[in-house]
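Before any comments, here is the structure.
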Amino acid sequence: MKKFIEEFKAFALRGNMMDMAVGVIIGGAFTGIVTSLTENFINPILSFVTGAETYGLKDIAKFASNFVSEFVNFLILAFVLFCLLKGINKLMSLGHKKEEPAAPTTKQCPFCLSEIPFGATRCPHCTSVLEEKVLEESK
């Protein structure tokens, strides 16, 4: 049973699964914005243009406040999702160690400034003996 729970945790917290969940939630919230835009702006404009209905200043203010309210709800939901995912990503990275930089595999020839293998004793480009240069510098 423990292995099953660990596998489900790995499945549920995978990057693409979290992306899909965020997409579904944001999509649902964005549907509210589109519905509000349609009901509070497009339909009243069409009704006014066709002469089916006339609107007063009070009605227009109500339409605008409904749309702004839906937009603010969307922003709050998006912010909460952002904070939640940031926390989940922080928790997921707690167990991982940072990779140490790899040891250098090349060095620079002091004579011709070409890149050569780290263990080389002679430069393949200018054929200089590298160990003698190191010995002279240490004197």
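Every heavy atom of this structure was used, including side-chain atoms; hydrogens, water molecules and symmetry mates were not.
Applying the side-chain hydrogen bond (donor to acceptor under 3.5 Å, both in side chains) rule to pairs touching residues 73-89 yields nothing, sequence neighbours excluded.
Of all the heavy atoms in Q108 and L113, the pair that sits closest is NE2-O, 3.3 Å. A pairwise comparison of heavy atoms in H125 and E115 identifies NE2-O, 3.8 Å as the closest pair. For the pair L85 and M18, the tightest heavy-atom approach, listed with the atom from each and the gap, is CD2-CE, 3.4 Å.
E53 contributes atom CD, which lies 5.5 Å from atom OG of S47 (distance to the nearest 0.5 angstrom). How far CD1 of I25 is from CG of L81: 5.0 Å, rounded to the nearest 0.5 Å. Here the straight-line distance linking atom CZ of F63 with atom OG of S36 works out to 10.5 Å at 0.5 Å rounding. Taking CZ from F30 and CZ from F71, the interatomic distance works out to 9.0 Å, rounded to the nearest 0.5 Å. The distance from atom CZ of F118 to atom OG1 of T106, rounded to the nearest 0.5 Å, is 9.5 Å. Rounded to the nearest 0.5 angstrom, S69 OG and N40 CG are separated by 9.5 Å.
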>> Determine whether C123 and C112 satisfy the following criterion, side chain to side chain contact (heavy atoms under 4.5 Å, CB included), listing intermediate values before the conclusion.
In response: CA-CA 9 Å; C123 178; C112 68; 3.6 Å; yes

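When hydrophobic clusters are built by joining Ile, Leu, Val, Met, Phe, Trp and Tyr residues whose side-chain heavy atoms come closer than 4.5 Å, directly or via intermediates, L75 is grouped together with V34. Grouping the Ile, Leu, Val, Met, Phe, Trp and Tyr side chains by contacts below 4.5 angstrom, directly or via other members, places L37 apart from I45.
By the neighbour-count criterion of 12 heavy atoms within 6.0 Å, atom CG of L57 is sparsely surrounded, having that number or fewer from other residues, nucleotides or ligands. Applying the 6.0 Å contact sphere to CZ of F82 captures no more than 12 heavy atoms from other residues, nucleotides or ligands.
Considering only heavy atoms from C-beta on, F48 stays 4.5 Å or farther from P44 through its side chain. Inter-residue side-chain proximity for C126 and C109 is flagged as met; some heavy-atom pair is nearer than 4.5 Å.
Annotation: F41 is in aromatic contact with F67 [ring centroid separation under 6.0 Å].
Residue V72 is found in a hydrophobic cluster whose other members, listed by chain and number, are V68, I76, V80; membership requires side-chain heavy atoms under 4.5 Å apart, directly or through intermediates.
At least one donor-acceptor pair under 3.5 Å links the side chain of K107 to the backbone N or O of A120. At distances below 3.5 Å, not a single donor-acceptor pair connects side-chain atoms of R122 with backbone N or O atoms of V129. Side-chain atoms of T31 come within 3.5 Å of backbone N or O of G27 as a donor-acceptor pair.
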